[in-house]
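For the numbers below, each heavy atom of this structure counts, side chains included, while hydrogens, waters and symmetry mates do not. Because the structure is predicted, anything quoted here is derived from the model rather than measured. Whatever order the structure lists ligands and atoms in, that order sets their numbers, starting from 1.
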Amino acid sequence: MCGIIGYVGSRPVLPILLEGLKRLEYRGYDSAGVALHVPEGIEVIKAKGKIVNLEETLNGLEFESSVGIAHTRWATHGPPNHNNAHPHVDSVGDLAIVHNGIIENNHFLRRFLGEQGIEFQTDTDSEALAQLIAFYYEGSLEQAVRKALSIIEGTYGIAVVHKNHPRKMVGARNGSPMVVGIGENEHFLASDVAAILAHTRQVIYLDDQEMVVIEDGSFRTKTVTNLEIQKPVQQVTWDLESIEKGGYDHFMLKEIYEQPSTIRNAFRGRLLEEDGKAKVGGLTDNIESLRAMDRCLFLACGTSWHSALIGEYMIERLARIPVEVEYASEFRYRNPIIDDGNVAWAITQSGETVDTLAAMREAKTKGALALGICNVVGSTIARESDGGVYIHAGPEIGVASTKAFTSQVTVLAVITLLIGRFHNLSKDRGQELVQELKAIPEKVEKILAMDDEIQKIAKVYSKADNFLYLGRGINFPVALEGALKLKEISYVHAEGYPAAEMKHGPIALIDENMPVVFVSPRGGDNEKILGNMEEVKARGGKIIAVVNEGDVNASALADHVISIPETVDYLSPLLTVIPLQLLAYHIAILRGCNVDQPRNLAKSVTVE
Ligand code: AGP
C-alpha cells in the first residue's frame, strides 16, 4: 500500500505535503515525490528511498504553489527507483497523478495506448492510468478521470492535478482508502487521516467507485458514474499516534486484521474459475519450465520456511510433483544436488534475507531455475531471481510475520493450481480450489471476530513458561508457526511437533504446567489426533484445541476450544493460523512484551 496526500488552499503547499508524507511513511517507503501547481505548469520532484531523500532533493528550492499532490511508494509493479516513483505524468507533463492500488489490466492499457502512439516512461501500472486520463482529456479533468476509471480493472486510490486547472484536484477510490479533509477554505485528500489530522478533524471517507472534485474552496462528491452524492462529514476523535496504526494498539494486530484483504490481494486477478486454472504474470516467461518441472525446491527461513512446508503438502498432493523444503541456511553450505528440471523457489517476505539469497544463488550456480515468492517489489531476491510472484501484502511493519505468512500460503495455493492443472489436477478440483480460496477472507473475518474469546484463553495461560503445539499433516507446519509466533513476541519457550511424534519423547514434558495447543481441523488424518489428546489428558496436560465448528469429540477433550469455520484440508492453514497469531499476541501483551519490536529480533535478517 502507498501513502497519498493532496492539498488545495491558500497556504504554501510543499510543507503540508512533506509533513503529510512523513505521517504516511509506514505505508511504504521505497520512493517518494510531489507534483506542484506552479505558474509555469506542473512541477514534479521525486526521489528514491525514504522521504528524507526527497526533502534533501527539495532543500533550498522555492516554489510559488498552494496546490499539489504527493506520494510515498510501496512498489507493486516495477522496481523502486526514481523513475518509477510517483507522481506519474502524461507524455507532455500537463497532468500528474498519484495512485495507491493495482491496475490489473495495465498490460492491455499499455498496448492500447501504445497503438495510439503513446510512449511509456516507467515500468509501473500507475503510469498507464495517467496516460489514459490524458488520452481522454478534452478540457474537463473530471470527465477524463471518469472515462479512464470506467475501463480500468483493479484497485485505486488516486489524486489528479492538471496544468489547465490550477485550483482543482480530482480524487477517486476503489479498493484503496481515500479521505477528504475539510478545512477553512482549504481541502485535502489523503490515504488515511494521519496525513491531515494536523490541519483538520472534519473528514469525508470516500467509498468504492466514488470520486471528489475539489476546486478553490469547495468540493463535490460523486460516483464515478457521475451521480452527485451527499457524504456525511465525520469528526475524527483519534490521536495521531493511534491512527498510524489504523486505530490498533500495535502494527502486528493491525496486520493480523488486514489478512482478509491481503489474502484477497494475493489471489486477486490470478484465479480463472471457469476453467479451474490460475494465471500468474510473473511466471509467464517460465511457464514451459514449470510444465517440465520434475522437482521443486523451497528455500526459506523462519515463518517463510513454515509456509514452504505447507506448499510442499499442497503441491505433492494436488500436483504430484516431488517437493523438498530446505532451510536456506543449511542448503547454501551443503553442496546440494541439482538436476535439470529442478526449480528452486526462494520464499521471503523481505526479499533480503541473506541465507535465502545465498541459497538461491547456490541453486542458480548449480543450474536450477530460480523463482521468487516475495513481498517487497524490487528487493534483492526479487531482482536476482529468474522470475516470480509478488504476494501483495503491503508493508509488514510488525517484526513477527503474520499477513505475509497467509499471503505466501495463498500464493502457494495459486501456484499449486497453476502447476497441478498441467498434470493430474482435474478441472473440477481446480474449480473447487478457486471457490474455496475465494471464500477464505470471509472465514478469516469470522475468526477475527473471536478475538475477545481468544484473549480470555490467553489470560488463563499467560503465566505458563512452556508450550507444546501439535498438528498433523498440513497443519503440522501451522503448529510450528504458532510456536514461533509465541516464542518471538512473548519470549515463552514453545515447540511445534507432528502430533504423532509426541509419544517419541516430548510426552515426557506433559504435566499441568505445560499447555498443549492442538491444531486439529477436520479432514486429512486429523481424526487420529483425538488419541493424542487422550494421551495428554491422561497425564494432566491442559489442552487448547483449534477445531472446526461442531467438532464435539475434540471439544469434549479440550480445556479450551476455538471453533473455526471449515474449508478444504489443503487450505485449512489459512484459517487455523489466525487463532494462534491472536493467542501469541495477547499472551505477549499480558506479559508486558514489546510486540512490534521484540528483543533481539530484526524485521529482515540481512547478516549471517
Ligand atoms: C517471522 O515472524 C520472523 N520474523 C522470521 O522468522 C522471518 O520469517 C525470517 O527471518 C524470514 O524472513 P523473510 O521472509 O523476510 O525471508
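- Listed by number with element, the atoms of ligand 1 under 4.0 angstrom from any heavy atom of Ser401 are 1 (C), 2 (O).
- Taking only non-hydrogen atoms, the option from Gln581, Glu488, Met252 nearest to atom 3 (C) of ligand 1 is Glu488.
- The shortest contact between atom 4 (N) of ligand 1 and any protein heavy atom is with Val399 O, 2.9 Å.
- On a distance-only criterion, Thr348 and ligand 1 share at least one N/O pair closer than 3.5 Å.
- The protein atom (non-hydrogen) at minimum distance from atom 16 (O) of ligand 1 is Thr353 OG1, 2.5 Å.
- Close contacts between ligand 1 and Thr303 involve ligand atoms 1 (C), 2 (O), 6 (O), 8 (O) [criterion: under 4.0 Å to a heavy atom].
- Thr303 pairs in a side chain to side chain donor-acceptor pair (under 3.5 Å) with only one of the listed residues (Glu488, Lys485, Gln349, Gln408), which is Lys485.
- Atom SG in Cys301 sits 11.5 Å away from atom CD in Glu326 (nearest 0.5 Å).
- With Tyr570 as the aromatic partner, Arg317 does not meet the cation-pi criteria of under 6.0 angstrom to the ring centre and within 45 degrees of the ring axis.
- The pair Asp569-Arg472 does not count as a salt bridge, with every side-chain nitrogen at least 4.0 angstrom from each carboxylate oxygen.
- Of the protein's non-hydrogen atoms, the one nearest atom 11 (C) of ligand 1 is Cys301 O, 3.5 Å.
- At the shortest separation from atom 10 (O) of ligand 1 among protein heavy atoms lies Val605 CG2, 3.9 Å.
- Atoms of ligand 1 lying under 4.0 Å from at least one heavy atom of Ala400, given by number and element, are 2 (O).
- Judged as a salt bridge (charged side-chain N to carboxylate O under 4.0 Å, His left out), the pairs with a partner in residues 293-306 (not counting sequence neighbours) are, in order, Arg295-Glu324.
- Checking only distances, Gly351 never comes within under 3.5 Å of ligand 1, N or O to N or O.
- Rounded to the nearest 0.5 angstrom, Leu371 CG and Ile347 CD1 are separated by 11.0 Å.
- Ligand 1 does not have Glu352 within reach: every non-hydrogen atom of the residue lies 4.0 Å or more from it.
- Less than 4.0 angstrom separates some heavy atom of Ser304 from each of these atoms of ligand 1: 8 (O), 13 (P), 14 (O).
- Within the 4.5 Å cutoff, side-chain heavy atoms of His392 are placed close to those of Arg270.
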Side chains of residues 446-455: which donor-acceptor pairs under 3.5 Å do they make with residues two or more places apart or in other chains?
| unit_1 | atom_1 | unit_2 | atom_2 | d |
| --- | --- | --- | --- | --- |
| Asp451 | OD1 | His586 | NE2 | 2.5 |
| Asp451 | OD2 | Tyr257 | OH | 2.6 |

